[in-house]
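These notes concern the structure reproduced below.
Just so you know, ligand 1 is whichever comes first in the structure, and atom 1 is the first atom listed for that ligand.
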Amino acid sequence: VVEEAERWATDYERDGYLVVEDCVDTATLLTLRAKVERIMTDPDHVPERLRRYMDVGFSNQEATLREVMELPLFDPYFAQFIAYGRLLDVLQVLFDSAQFHFHNYKLVSKEPGPGGSIAWHRDLPFLYHSTPNLITAMVCLNGMTEENGATVVLPGSHRLVGEDVSATDTSISEGDLPADMERRAVVCGPGAVMFFHVNVIHGGGANLSAEPRRNVIGIWAGPNTYPTGPSRYAYQGLYPRSSDPALVRQCRMALSIPDPPVAGVI
Ligand SMILES: O=C(O)CCC(=O)C(=O)O
């Protein structure tokens with residue numbers, strides 16, 4: 001376990017990202033998939049108040065790329081997933097601290113078809129925080145292959161910028177990519193979680209397979225890293241690994257987690 005944790009920390013430091021295969025156990029994975037499937041295939045059951053969170057970010061693109069913001073509002077299961085222990089284990093190693101907090105969960109679904117590619121970008125300029133010490137954790141519900149539009153990263157690109165990330169890095173043209181950096185498709189199995197520093201340049205091609213490629217994407221903020229913008233997400237600011245009794249109490253109450261907690265959470 002110690003060796004595994006060392007590998008996580010080394011990969012993250014060097015490449016700015018790492019993949020943990022089988023991070024999500026099968027029962028949890030199947031439940032997440034079923035709940036996502038229901039949102040995507042039966043939108044009529046989605047309450048009117050939640051429809052504004054569907055397909056907002058990419059609404060100018062083709063329907064082969066779909067996004068659902070604020071997943072924890074759609075089903076309490078997604079809210080409790082904030083406290084999913086095996087994912088928190090990795091975050092705690094990468095942040096080297098238990099004082100990290102939740103930012104948001106969304107779904108990105110690359111539906112089969114030619115229109116689902118994602119432009120090169122860094123996540124940081126979308127996030128408005130007081131430091132860049134934030135991590136994106138993508139739970140790969142179906143796994144990623146080159147055919148189904150795996151995320152492509154530029155390993156090490158987080159180290160090029162430090163805190164000096166341009167606001168225009170929300171979309172980077174081919175010509176503006178750092179020269180001579182490797183582009184690596186992140187291939188992984190269902191249930192894998194890909195963790196990456198929010199300064200890593202990434203993007204990805206369309207899904208040319210016959211099945212949707214879905215990722216539940218979480219953002220997490222490190223210690224002493226706070227939002228600087230005006231908006232907040234549901235459950236933002238929960239500290240599921242803190243031992244501060246007030247924060248433990250907040251997390252348990254917010255997520256309706258009993259004490260002792262149910263298997264897998266916290
Ligand atoms: O799902 C992916 O491959 C990447 C999604 C992404 O980069 C984003 O939503 O910012």
Side-chain angles (χ1 to χ4, degrees), residues 15-20 23-24 29 32-33 36 39-40 53-72 78 87 102-129 132 134-155 157-158 165-174 177 183-209 211-221 229 233:
D15 296 332
Y17 86 97
L18 77 146
V19 173
V20 178
C23 188
V24 176
L29 177 65
L32 288 171
R33 266 202 216 155
V36 163
I39 298 170
M40 301 305 279
Y53 300 122
M54 300 181 70
D55 296 323
V56 283
F58 299 117
S59 56
N60 55 345
Q61 300 203 17
E62 294 177 42
T64 44
L65 187 58
R66 303 192 57 192
E67 188 180 47
V68 180
M69 303 303 294
E70 296 286 25
L71 274 187
F78 296 118
L87 199 152
F102 176 71
H103 182 259
N104 74 319
Y105 261 134
K106 71 173 183 182
L107 172 78
V108 165
S109 183
K110 281 190 180 179
E111 304 291 316
S117 61
I118 294 178
W120 299 112
H121 65 281
R122 290 185 158 102
D123 287 348
L124 183 69
F126 290 102
L127 298 174
Y128 303 102
H129 271 66
L134 297 116
I135 292 174
T136 302
M138 294 204 314
V139 180
C140 302
L141 298 185
N142 312 98
M144 300 203 291
T145 63
E146 297 212 27
E147 190 191 17
N148 78 5
T151 310
V152 179
V153 291
L154 272 60
S157 52
H158 64 305
V165 174
S166 160
T168 58
D169 282 0
T170 50
S171 180
I172 306 172
S173 64
E174 281 286 333
L177 286 181
R183 299 168 189 202
R184 195 182 292 166
V186 179
V187 171
C188 61
V193 179
M194 175 189 171
F195 297 85
F196 58 97
H197 191 286
V198 292
N199 280 351
V200 162
I201 298 176
H202 60 286
N207 178 359
L208 303 178
S209 78
E211 301 296 326
R213 190 232 65 174
R214 293 177 174 150
N215 288 339
V216 168
I217 302 184
I219 308 269
W220 295 84
Y233 288 99

Under 30°, 30 to 60°, or over 60°: which ring-plane class applies to H158 and H197, parallel, tilted or perpendicular?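 If you compare the ring of H158 with that of H197, the planes turn out tilted.
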Find all atoms of ligand 1 within a distance of less than 4.0 Å from any non-hydrogen atom belonging to I217, and give their numbers and elements. 1 (O), 5 (C), 9 (O)
Where on [X] is there a heavy atom closer than 4.0 Å to ligand 1, on the side chain, on the backbone, on both, or on neither?
{"X": "K106", "value": "side chain"}
{"X": "D123", "value": "side chain"}
{"X": "E67", "value": "neither"}

Which side-chain hydrogen bond (donor to acceptor under 3.5 Å, both in side chains) pairs, counting each pair once, include a residue from residues 134-143, with sequence neighbours left out? D123-T136
N or O pair under 3.5 Å between R213 and ligand 1: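 By distance alone, the answer is yes.
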Salt bridge check: are R213 and E147 linked by an N-O gap of less than 4.0 Å? no
Can a salt bridge be assigned to the pair K106 and E70 using a cut-off of 4.0 Å between side-chain N and carboxylate O?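 The answer is no: the pair does not qualify as a salt bridge.
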R122 meets the salt bridge (Lys or Arg N to Asp or Glu O under 4.0 Å) criterion, sequence neighbours left out, with D169
Minimum distance, heavy atoms only, to atom 3 (O) of ligand 1: which one of I118, V152, T151 is it?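 Among I118, V152, T151, the closest heavy atom to atom 3 (O) of ligand 1 belongs to T151.
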